[in-house]
Amino acid sequence: QVQLVESGGGLVQAGGSLRLSCAAAGSIVSISVMRWYRQAPGKQRELVVFTTAGGTTNYADSVKGRFTISRDIAKNTIYLQMNNLKPEDAAVYYCNAELRTGIWSANYRYWGQGTQVTVSS
């Protein structure tokens with residue numbers, strides 16, 4: 001059983017900062033990719049950023065220079081530091097991970113429950 005637990009969402013004024021966390025727990029052998037997605041009301045879920053086991057990261061253009069992803073490999077946790085938040089950043093943020101639960105198992109995707117980020121103008 002694997003769980004992704006997100007935390008850190010909340011209400012912030014435009015220009016403010018928040019830090020999201022996503023911890024993967026359970027019988028995990030390895031994690032190949034971890035991602036943050038977000039979904040605003042009435043919009044499709046969009047990829048915000050991903051980070052690979054090899055250290056590759058890629059940000060959506062809309063958050064480059066404002067958001068920073070970091071990873072604590074020992075804790076199977078990623079963080080998303082969000083600075084200079086804008087009203088258009090408001091959404092439910094979801095953590096996603098591709099991981100293996102056994103040496104011979106394939107990679108499967110798991111999702112967190114989401115954390116709400118609200119940005120007031």
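The shown structure was predicted, so the numbers you read here are calculated from the model rather than taken from an experiment.
No donor-acceptor pair under 3.5 Å is formed between the side chain of Q3 and the backbone N or O of G26. Panel note: side chain E46, backbone R38; no donor-acceptor pair is recorded below 3.5 Å. A donor-acceptor pair under 3.5 Å links the side-chain atoms of R71 to the main chain of T52, judged by distance alone. Panel note: side chain Y93, backbone G8; no donor-acceptor pair is recorded below 3.5 Å. Side-chain N or O atoms of R66 include one that pairs as donor or acceptor with a backbone N or O of N84 at under 3.5 Å.
Partner of R100 under the side-chain contact (heavy atoms from CB on, under 4.5 Å) criterion, out of V2, I28, V29: V29 alone. Screening I69, T51, V63 against W36 for a side-chain contact (heavy atoms from CB on, under 4.5 Å) leaves a single residue, I69.
From Q39, atom CD reaches atom CD of Q44 across 8.5 Å, with rounding to the nearest 0.5 Å. Expressed to the nearest 0.5 Å, how far SG of C22 lies from CG of N96 amounts to 8.5 Å. E6 contributes atom CD, which lies 8.5 Å from atom CG of L20 (distance to the nearest 0.5 angstrom). Atoms CE and CD1, on M34 and I73 in that order, are 11.0 Å from each other to the nearest 0.5 Å. Rounding to the nearest 0.5 Å gives a distance of 9.0 Å between OH of Y79 and OG of S7. In this structure, the separation between CG on L11 and OG on S120 is 5.0 Å, given to the nearest 0.5 Å.
Of all non-hydrogen atoms in A14 and P87, the two that sit nearest each other are CB-CD, 4.2 Å. Nearest heavy atom pair, residue F50 against residue V33, reads CB-CG1, 4.1 Å. Residues N83 and S17 share a closest heavy-atom pair of OD1-OG, 2.9 Å. Taking all atoms of both residues into account, the shortest heavy-atom contact from I31 to A24 is CD1-CB, 4.1 Å.
Evaluation of the ring pair (Phe, Tyr, Trp, His ring centres under 6.0 Å) rule for Y94 yields no partner, not counting sequence neighbours.
In terms of hydrophobic clustering, with Ile, Leu, Val, Met, Phe, Trp and Tyr side chains grouped at heavy-atom distances under 4.5 Å, L4 and Y108 are assigned to a common cluster. Residues L18 and Y59 fall within the same hydrophobic cluster, defined by Ile, Leu, Val, Met, Phe, Trp and Tyr side chains chained together at heavy-atom separations under 4.5 Å. Cluster membership for V119 and L80, using ILVMFWY side-chain heavy atoms within less than 4.5 angstrom, is shared.
Using a 4.5 Å heavy-atom threshold, the side chains of Y110 and T101 count as touching. Using a 4.5 Å cut-off on side-chain heavy atoms (C-beta onward), V49 and F67 make no contact. Within the 4.5 Å cutoff, the side chain of V117 has heavy atoms near those of the M82 side chain.
Ion pairing between a basic and an acidic side chain is recognised when a charged N comes within 4.0 Å of a carboxylate O; D61 and K64 show such pairing.
Residue pairs meeting the salt bridge (Lys or Arg N to Asp or Glu O under 4.0 Å) criterion with at least one partner in residues 107-121, sequence neighbours excluded, are E98-R109.
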